[in-house]
Amino acid sequence: MSPAPRGDEPGAGRYGEAFFRPEQAGEGERIDFGALAYDDITMARLRAVGAGPGWRCLDIGAGTGTVSSRLLDEAGVASVLAVDRDVRFLSERSLSGLEVVEADITAPDFVTGRFQLVHARFVLMHLPERERLISVLAELVAPGGVLVLSDAVDLTSDRTPSTPYTAVMRAMWQGLRATIGTDVSWVPSYPQLLRGVGLKPVAAEIHVPPLQPGSAISRFWADTWERSRAAMLATGSVDDAAIDAAVRYLESDECAALSAGMLTVWGRRPGASAG
């Protein structure tokens with residue numbers, strides 16, 4: 001047995017274990033708040049790259065299955081293989097063309113075959129060996145198909161005005177990196193990484209949902225802070241009062257801040273047209 005990682009080591013646990021456990025009450029609802037904030041943007045991009053009739057799709061880290069379902073219902077793709085380490089939320093969905101697989105994408109040969117669309121959102125930022133995994137995912141793309149990756153970009157730079165929100169967001173990123181290995185600092189390098197595995201052309205965009213009282217993204221962050229509170233407190237940069245103040249700030253008209261953005265990058269495998 002290998003020694004247990006120390007709490008101050010990056011990657012001392014994994015997403016869904018120390019924090020954001022799927023069996024924890026309300027975790028599905030938290031994921032759905034994120035879906036409400038980002039799904040329309042994601043679907044617009046997936047349809048713009050061509051996802052539609054005849055396409056075989058792979059949705060990695062499929063969560064509660066909102067994107068997988070919309071690919072089938074709205075884009076009319078032929079099939080979606082929805083993969084997650086825990087499929088309790090996906091198992092609740094029964095749709096023609098939807099196949100659910102419980103698998104760890106860091107494991108060798110976690111799926112077989114090739115797909116016109118390979119999509120992963122808010123997955124790689126939580127995992128080690130990100131460059132290797134991008135290469136693995138690119139190999140699953142059929143000629144003419146497309147790889148679409150989305151992850152968070154932190155917009156709380158050193159020059160961002162100090163607010164209850166910015167202090168807590170910085171503590172969240174620091175705490176999650178120390179405990180479960182979450183690292184968004186490398187996300188802006190996605191375009192070069194996709195180009196490096198032979199995909200072309202490559203393009204990217206960023207979406208920043210507005211922080212407004214009662215909005216899905218504001219509720220997502222408040223819930224995320226509550227579930228990762230221990231990691232944030234361990235940084236020593238915030239206390240319980242600061243976290244509670246940040247939640248109140250999100251719920252007030254005083255809020256004037258930028259949410260973390262979602263960077264989406266896509267690249268196509270050269271070859272015959274997909275579909």
Side-chain angles (χ1 to χ4, degrees), residues 16 20 22 26-103 105 111 113-126 137 140-142 144-152 190 203-210 215-220 223-224 259-268 273-275:
F20 314 123
E27 178 60 11
E29 183 179 30
R30 185 188 74 89
I31 294 171
D32 281 341
F33 283 141
L36 285 169
Y38 292 111
D39 272 8
D40 286 349
I41 301 300
T42 293
M43 285 304 304
R45 176 48 51 199
L46 297 184
R47 298 191 73 169
V49 300
W55 278 41
R56 183 172 182 241
C57 305
L58 173 62
D59 190 18
I60 295 169
T64 57
T66 56
V67 170
S68 296
S69 297
R70 291 181 66 170
L71 281 169
L72 289 162
D73 291 340
E74 298 176 18
V77 302
S79 65
V80 177
L81 179 61
V83 175
D84 209 302
R85 287 178 62 215
D86 189 297
V87 298
R88 70 188 66 205
F89 303 125
L90 291 167
S91 298
E92 298 171 0
R93 295 184 179 269
S94 179
L95 288 172
S96 176
L98 177 64
E99 180 182 356
V100 174
V101 171
E102 189 166 271
I105 73 164
V111 295
R114 285 191 164 185
F115 304 82
Q116 281 74 41
L117 170 66
V118 176
H119 170 252
R121 186 178 72 184
F122 303 136
V123 175
L124 298 187
M125 59 188 265
H126 299 297
L137 298 184
L140 294 172
V141 179
V146 62
L147 173 63
V148 181
L149 303 176
S150 296
D151 264 324
Y190 266 0
E205 62 190 357
I206 294 178
H207 173 67
V208 182
S215 67
I217 192 62
S218 294
R219 296 179 70 181
F220 172 82
D223 204 356
T224 297
S259 173
M262 178 178 73
L263 183 145
T264 299
V265 61
W266 58 96
R268 198 170 297 274
S273 176

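Nothing fancy with the numbering, it's 1 onward along the sequence.
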Discussion item. Regarding Asp39 and Arg121, does a basic nitrogen lie under 4.0 Å from an acidic carboxylate oxygen?
Written reply: yes

Worksheet item: So, are Asp40 and Arg70 salt-bridged, with charged N and O less than 4.0 Å apart?
Response: yes

Do the side chains of [Y] and [X] get nearer than 4.5 Å, heavy atoms only?
{"X": "Asp151", "Y": "Leu263", "value": "no"}
{"X": "Trp266", "Y": "Leu147", "value": "no"}
{"X": "His119", "Y": "Leu46", "value": "yes"}
{"X": "Asp32", "Y": "Phe89", "value": "no"}
{"X": "Met262", "Y": "Ile41", "value": "yes"}
{"X": "Val141", "Y": "Val146", "value": "no"}

Got a second to check how far [X]'s [atom1] is from [Y]'s [atom2], nearest 0.5 Å?
{"X": "Ile31", "Y": "Phe20", "atom1": "CD1", "atom2": "CZ", "result": "10.0 Å"}
{"X": "Tyr190", "Y": "Met125", "atom1": "OH", "atom2": "CE", "result": "8.5 Å"}
{"X": "Phe115", "Y": "Leu58", "atom1": "CZ", "atom2": "CG", "result": "4.5 Å"}
{"X": "Trp55", "Y": "Ser79", "atom1": "CH2", "atom2": "OG", "result": "12.0 Å"}
{"X": "Asp86", "Y": "Glu27", "atom1": "CG", "atom2": "CD", "result": "10.0 Å"}

Worksheet item: Of the options Val118, Leu137, Ile60, Val123, which is the one that meets Leu149 in a side chain to side chain contact (heavy atoms under 4.5 Å, CB included)?
Response: Leu137

Discussion item. Between Ser69 and Thr66, do the side chains contain a donor N or O and an acceptor N or O under 3.5 Å apart?
Written reply: no

Worksheet entry | Geometric cation-pi criterion, Arg219 with Phe33: 6.0 Å, 45° | no

Return yes if some donor-acceptor pair links the side-chain N/O of [X] with the main-chain N/O of [Y] below 3.5 Å, else return no.
{"X": "Gln116", "Y": "Gly145", "result": "no"}
{"X": "Arg56", "Y": "Arg114", "result": "yes"}
{"X": "Arg268", "Y": "Gly144", "result": "yes"}

Discussion item. Apply side chain to side chain contact (heavy atoms under 4.5 Å, CB included) to residues Val101 and Val87 and explain how you reach the verdict.
Written reply: CA-CA 7 Å; Val101 171; Val87 298; over 6 Å; no

What's the shortest heavy-atom distance between [X] and [Y], and which atoms?
{"X": "Asp59", "Y": "Ser68", "answer": "OD2-OG, 2.6 Å"}
{"X": "Leu117", "Y": "Ala51", "answer": "CD2-CB, 4.3 Å"}
{"X": "Gly34", "Y": "Phe220", "answer": "N-CD1, 3.7 Å"}
{"X": "Ala216", "Y": "Leu36", "answer": "CB-CB, 3.6 Å"}
{"X": "Leu71", "Y": "Cys57", "answer": "CD1-CB, 4.4 Å"}
{"X": "Ala37", "Y": "Pro209", "answer": "O-CB, 4.5 Å"}

Fill in: side chain to side chain contact (heavy atoms under 4.5 Å, CB included) assessment of Asp73 paired with Leu95
CA-CA 9 Å; Asp73 291 340; Leu95 288 172; 4.1 Å; yes

Item to complete: Kindly indicate, with the supporting measurements, whether the criterion side chain to side chain contact (heavy atoms under 4.5 Å, CB included) is fulfilled by Leu98 and Leu72.
Response: CA-CA 8 Å; Leu98 177 64; Leu72 289 162; 3.7 Å; yes

Worksheet item: Taking it one step at a time, do Arg45 and Glu205 satisfy salt bridge (Lys or Arg N to Asp or Glu O under 4.0 Å)?
Response: CA-CA 10 Å; Arg45 176 48 51 199; Glu205 62 190 357; 3.0 Å; yes

Fill in: Derivation and outcome, side chain to side chain contact (heavy atoms under 4.5 Å, CB included), residues Ile105 and Leu124
CA-CA 10 Å; Ile105 73 164; Leu124 298 187; 4.1 Å; yes

